[in-house]
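Lettering of chains follows the sequences in order, A, B, ..., and the numbering in each one begins at 1. Quantities reported herein were computed from a predicted structural model and do not represent experimental measurements.
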There are 2 protein chains.
Amino acid sequence: MTQKQEQLSKNQQIVLSIIEKAKGPLKAYSILYNVQKRGIKAPLQVYRALDKLIEIGKIHKIESKNAFIACNNSECEISKATAFSICNNCEHVKEIKNTKLSKYLSNFQDNSGMKYKKYNLEFFGLCKNCKLKQ
Amino acid sequence: MTQKQEQLSKNQQIVLSIIEKAKGPLKAYSILYNVQKRGIKAPLQVYRALDKLIEIGKIHKIESKNAFIACNNSECEISKATAFSICNNCEHVKEIKNTKLSKYLSNFQDNSGMKYKKYNLEFFGLCKNCKLKQ
DNA sequence: CCTTAATTTGTTATAATATAACGTTTGTTA
DNA sequence: TAACAAACGTTATATTATAACAAATTAAGG
Ligand SMILES: [Zn+2]
Ligand SMILES: [Zn+2]
Ligand SMILES: [Zn+2]
Ligand SMILES: [Zn+2]
């Protein structure tokens, strides 16, 4: 039952492999240019694959950048709870794995007692490298 | 010194007033249609006003919706630390005011000890109304 | 007051991101 | 093997956002 994520379609596999090889988040049209040799010709083919990969937790969208990054956290397939660290200078993006943080946010209730099934958190600052260079 | 935020330009005032009157987040082109009577004719005029209003903390961008909402939290001008509650059903959006949460996130350090100057958190779930209706 | 810099404006064009609509093909399941 | 769901291919179009340039307005200092 937990092998559904392996049964990716051809286009889904192509798009995922590009994203997994990348050092950072990729934009949809950059993915498109990268996969045109492999037969994917139209934006919609990319977006459809992206939608599916997001749905099953293999990748995430960095909303502030309209870009897509491979998941680095095995629990994302279930939880849909994501947190990222983004460098304002070099644009380096890293998915944050932090059990305390994810527990804190998953259990968070607002003033009216509302609880949430899903969240996305984007932190901004300077990464180690960029801090040194300043 | 704390009166700079009052010295908005004409276009900035127009755009802000539309956003403040709205019940929920507005999209840039929806704002454009709403202000064409008042002399703003081009997207860029709206986007420039939006940029400024975001910079001074009067409004925020809901990244997952590409929409803009008036700030509901006097501390945002300084902190650039934002959190929202978003209903998946009716799309109702509310800025979360919660001192514990903002302190927790402002003080958060990742595994490498990196601290962040800015964050944006978007929670998704069902609002009270929509929960009842189910 | 005058001048100089900075900000804001107006305008046209275009870039970048994303989806609609349609019909076909492939894969699953009973 | 029929029936359904998922994925595909394709064209066109919608939506979101910025580039580039010149003019007008505003702020600040001498
Ligand atoms: Zn993940
Ligand atoms: Zn960096
Ligand atoms: Zn705010
Ligand atoms: Zn709702």
* Asked: Given D:dC8, is OP1 or OP2 found less than 4.0 Å from the side-chain N or O atoms of A:Q45?
  -> no
* **Presence of B:N11 side-chain N/O under 4.0 Å of C:dT8 phosphate oxygens OP1/OP2** => no
* To the nearest Å, give me how far apart CD (A:Q7) and P (C:dT28) are. => 7 Å
* Asked: Nearest to the side chain of B:A42, which nucleotide is it out of D:dA17, C:dT12, C:dT8?
  -> C:dT12
* To do: To the nearest 0.5 Å, tell me how far B:E95 CD sits from B:I69 CD1.
  => 7.0 Å
* **Flag, side chain of B:K94 to backbone of B:C87, donor-acceptor distance under 3.5 Å** => no
* Asked: How close or far is atom P of D:dT15 from atom CD1 of B:I31, stated in whole angstroms?
  -> 16 Å
* **Separation between CG of A:L8 and CD1 of A:I14, rounded to the nearest 0.5 Å** => 11.5 Å
* To do: State whether the side chain of B:E122 and the backbone N or O of B:I62 hold a donor-acceptor pair below 3.5 Å, judged by distance alone.
  => no
* To do: Using whole Å, report how far CG of A:L50 lies from P of C:dT19.
  => 10 Å
* Given D:dT16, C:dT11, D:dT10, the nucleotide with the shortest approach to the side chain of A:L44 -> D:dT10
* So, is A:K52 close to the D:dA6 phosphate, meaning a side-chain N or O under 4.0 Å from OP1 or OP2? -> no
* So, B:K80 side chain and B:E55 main chain: donor-acceptor pair closer than 3.5 Å or not? -> yes
* Whole-Å distance between D:dA7 P and A:L53 CG? -> 10 Å
* In Watson-Crick or G-U wobble terms, both distances under 3.5 Å, what is the partner of C:dA30? -> D:dT1
* Asked: In terms of the nearest nucleotide of DNA chain D, which residue is placed more toward the 5' end: A:P43 or B:Y33?
  -> A:P43
* Structure fact -> note: B:Q36, atom CD; C:dG10, atom P; distance rounded to Å ~ 13 Å
* Asked: Hey, is B:Y29 doing a stacking thing with D:dT16, by the 5.5 Å centroid and 30° angle criteria?
  -> yes
* Asked: How many Å lie between CG on A:L26 and C1' on C:dA16, as a whole number?
  -> 16 Å
* Asked: According to a strict under-4.0 Å criterion, is B:K27 in side-chain N/O contact with OP1 or OP2 of D:dT15?
  -> no
* B:S9 side chain N/O closer than 4.0 Å to the phosphate oxygens (OP1, OP2) of C:dT7? -> no
* **Shared hydrophobic cluster, A:V93 / A:L16 (ILVMFWY, side-chain heavy atoms < 4.5 Å)** => no
* Structure fact -> With the side chain defined as heavy atoms from C-beta on, B:K61 is closest, among C:dT9, D:dC8, D:dA17, to D:dA17
* Asked: Could you state the CD1-C1' distance from A:I54 to C:dT17, rounded to the nearest angstrom?
  -> 13 Å
* Asked: Rounded to whole angstroms, how far apart are OH on A:Y47 and C1' on D:dT11?
  -> 17 Å
* To do: Determine: side-chain N/O of B:K10 to OP1/OP2 of C:dT9, distance under 4.0 Å, yes or no.
  => no
* To do: Examine C:dT17: is either OP1 or OP2 under 4.0 Å from a nitrogen or oxygen in the side chain of B:N66? Give yes or no.
  => no
* Structure fact -> Judged by nearest nucleotide, the residue sitting upstream toward the 5' end of DNA chain C, A:A28 or B:Q12, is B:Q12
